[in-house]
**Q** 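Below is one structure. I have some questions about it.
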Protein chains: 2
Amino acid sequence: MMAQSPNGLMIRKLDSIFPLSDEEEQALARLPMQIAAYKADQDIVRIGDRPSQSCLLLEGFTCVYKITAEGKRQIVAFHVPGDIPDLQSLHLKVMDNSLATVSPCTLGFIPHEALYDLCNRYPRITAALWRETLVDASIFREWMTGIGRREAYNRTAHLLCEMRVRLNMVGLVEDGTFDLPITQTELADAIGASTVHVNRVLQELRADGLIRSRGTQVSILDWKGLKEAGDFDPLYLHLRQEGNA
Amino acid sequence: MMAQSPNGLMIRKLDSIFPLSDEEEQALARLPMQIAAYKADQDIVRIGDRPSQSCLLLEGFTCVYKITAEGKRQIVAFHVPGDIPDLQSLHLKVMDNSLATVSPCTLGFIPHEALYDLCNRYPRITAALWRETLVDASIFREWMTGIGRREAYNRTAHLLCEMRVRLNMVGLVEDGTFDLPITQTELADAIGASTVHVNRVLQELRADGLIRSRGTQVSILDWKGLKEAGDFDPLYLHLRQEGNA
DNA sequence: CGGATCGTTGAGTTGTATCAAGACGGGTGG
DNA sequence: CCACCCGTCTTGATACAACTCAACGATCCG
């Protein structure tokens, strides 16, 4: 099931969307990939760059962010292992955002040429990768409606729900507990609030008995309650089977 | 230049990304398309639907929206003629948002099967369509950073800049003037603000000499000033050549 | 010439930002 | 192994952007 090569994570994920043939799996496994380790808080690609490769996140968390003219940062996406954070650069030559590590990370870089080849040979893999980028877009829409129309308390609950589901998909949740190596400042930049306010919101969530946190470990104490607080419906994640308990 | 068939709009747009061969253009022109007229404020597809076709917007404006549990609406995208508002449904079976007309519209519906066929035959068309969805995603990211990190005044200016550039791409701007058949309530739902506040922001923009509006006609009086106010950099639209004056 | 939709205004309220300072905690070097 | 330090978390006080409510004016249209 879980392939042993680094590409295994990607194969497993794409396969979970629509089952791939052996031949397709082997083609994926043969993709050239250059492994690299990153420390936390390092840019991987920057706005304006013209990357010639995309990366597969193997370990750790990354984020996509933009900086406004006033110097404020908005994090528009988080990535968990198995994600391909800058797959978009395959068809959008110039990066319109920056990509950075949030925690120490292991990344696998795949040349665009290899991906073009793969797509030309296997239309179903094209479809699977295309679909990946469409799910990313769906998450953007959901975050946008949260930032635009939900209050900080609900947005925070929503994000925690999403992280739980996404991490669960790659086996990184145990008993509703998972590692979330994200500072409150980063959380604030993601939900479009100030650090101070996020701090208070988290206290509220704890006081309401929805979550508990110890260091970077987050435990969801009341999944139903948290989903309700976050107005969370996993439809937008387009899972093949609902990956929640 | 401008093809005479309804598909001409799409051909012209895709061609402007990377030039298509005659054969590819003809394949696009042969796409079966069912034309339909819609009144303003009508749903085209709803969240939860499983459409078997995608539509090409020929005339008018559409928007994508979501409703929160509290009944608040967030518009996450506007579309102008030439756009394919629900292209995503080609690979995401269930709609995670609703699509509606904003003004009276003419739409051309294309069966998914025809698009699959086309993509299987012409990898470059696949790439062009994929790219379209990636640009949509890029616009989501930009809107999100606006809603999260810019004030309503700046967001409004930003949206006007974007509409100007996008409408200009399809020849719907003359002398910095264009038709924007969007109510202030819709504008508010798009930038994540209240109607009242949008009204006041628009007055400010007028008072600052940046725009003028008469009915649904918007004139940009100070393009440089508006871009500055909106912190607008068209990079995220991924135009092949900057389509601004 | 109603009637409905959309735009405009004023007044009061609130979510959230900002500023400032202190507490905690984990790593590093002496 | 302690002392220090830096990043992160926490708290309080104040300020403001934006929301809500409510009403009125302007248009358009049948």
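Each chain gets a letter, A, B and so on, in the order the sequences are listed, and its residues count up from 1.
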**Q** Of all heavy-atom pairs between B/His238 and A/Val94, which one has the smallest distance, and what is that distance?
**A**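 In terms of heavy atoms, the two residues are closest at CE1-O, 3.0 Å.
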**Q** Measure from CD on B/Gln184 to C1' on D/dG25 and round the result to the nearest Å.
**A**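 These atoms are roughly 14 Å apart.
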**Q** Surrounding CD of A/Gln34 (heavy atoms of other residues, nucleotides or ligands, distance under 6.0 Å), is the total greater than 12?
**A**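 Counting other residues, nucleotides and ligands, CD of A/Gln34 stays at 12 neighbours or fewer.
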**Q** Need two values: the first and the last nucleotide of DNA chain C, 5' to 3', having an atom under 4.0 Å from any heavy-atom of chain A.
**A**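 That gives a stretch of C/dG15 to C/dC19.
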**Q** Verify the neighbour count for atom CD of B/Glu204: are there more than 12 heavy atoms of other residues, nucleotides or ligands below 6.0 Å?
**A**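 Correct, the count exceeds 12.
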**Q** Can you name the side-chain contact (heavy atoms from CB on, under 4.5 Å) partners of B/Leu202, sequence neighbours left out?
**A**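 Expected list: B/Thr156, B/Gln184, B/Leu187, B/Val198, B/Leu205, B/Arg206, B/Ile211.
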**Q** Separation of B/Glu204 atom CD from D/dA18 atom P, in whole Å?
**A**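 For the pair B/Glu204 CD and D/dA18 P, the rounded distance is 9 Å.
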**Q** Once the angle between the rings of A/Tyr38 and A/Phe109 is folded into 0 to 90°, is it parallel (under 30°), tilted (30 to 60°) or perpendicular (over 60°)?
**A**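 It falls in the tilted class, 30° to 60°.
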**Q** Just checking B/Gly192: base, sugar-phosphate only, or nothing, at a heavy-atom cut-off of under 4.0 Å?
**A**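 Sugar-phosphate contact only.
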**Q** Taking for each residue the nucleotide of DNA chain D bearing the nearest heavy atom, is the 5' side occupied by A/Leu202 or by A/Arg149?
**A**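 Its nucleotide being nearer the 5' end, the pick is A/Leu202.
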**Q** For B/Arg141, give me all partners under salt bridge (charged side-chain N to carboxylate O under 4.0 Å, His left out), at least two apart in sequence or on another chain.
**A**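 B/Arg141 satisfies salt bridge (charged side-chain N to carboxylate O under 4.0 Å, His left out) with A/Asp96 once adjacent residues are dropped.
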**Q** Rounded to whole angstrom units, what separation is found between the CD atom of A/Gln217 and the C1' atom of D/dC9?
**A**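 Result: 18 Å.
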**Q** When all nucleic acid strands are considered with a 4.0 Å heavy-atom cut-off, which category describes B/Arg214: base, sugar-phosphate, or nothing?
**A**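 Touches nothing.
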**Q** I need the CD-P distance between A/Glu186 and D/dT8, as an integer number of Å.
**A**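 So the two atoms are 7 Å apart, to the nearest Å.
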**Q** Within the sub-3.5 Å range, which N or O atoms of nucleotides 12-17 of chain D have a protein N or O partner, and how far apart are they?
**A**
residue: D/dG12; atom: N7; partner: A/Arg200; partner atom: NH2; Å: 2.4

**Q** Considering only distance and modelled atom types, tabulate donor-acceptor pairs under 3.5 Å from the side chains of residues 75-86 of chain A, sequence neighbours left out.
**A**
residue: A/His79; atom: ND1; partner: A/Thr62; partner atom: OG1; Å: 3.1
residue: A/Asp83; atom: OD1; partner: A/Lys13; partner atom: NZ; Å: 2.3
residue: A/Asp83; atom: OD2; partner: A/Val80; partner atom: N; Å: 2.8
residue: A/Asp83; atom: OD2; partner: A/Arg166; partner atom: NH2; Å: 2.9
residue: A/Asp86; atom: OD1; partner: A/Cys55; partner atom: N; Å: 2.9

**Q** Can you name the salt bridge (charged side-chain N to carboxylate O under 4.0 Å, His left out) partners of A/Asp43, sequence neighbours left out?
**A**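 In terms of salt bridge (charged side-chain N to carboxylate O under 4.0 Å, His left out), with neighbours along the sequence ignored, A/Asp43 is linked to A/Arg46.
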**Q** Go through B/Cys105 and B/Glu59 one step at a time and tell me if the side chain to side chain contact (heavy atoms under 4.5 Å, CB included) criterion holds.
**A** CA-CA 5 Å; B/Cys105 288; B/Glu59 285 178 310; 6.0 Å; no
**Q** Using a cut-off of 4.0 Å on non-hydrogen atoms, how would the nucleic acid contact of A/Ser194 be classed: base, sugar-phosphate, or nothing?
**A**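 Base, at least one base heavy atom under 4.0 Å.
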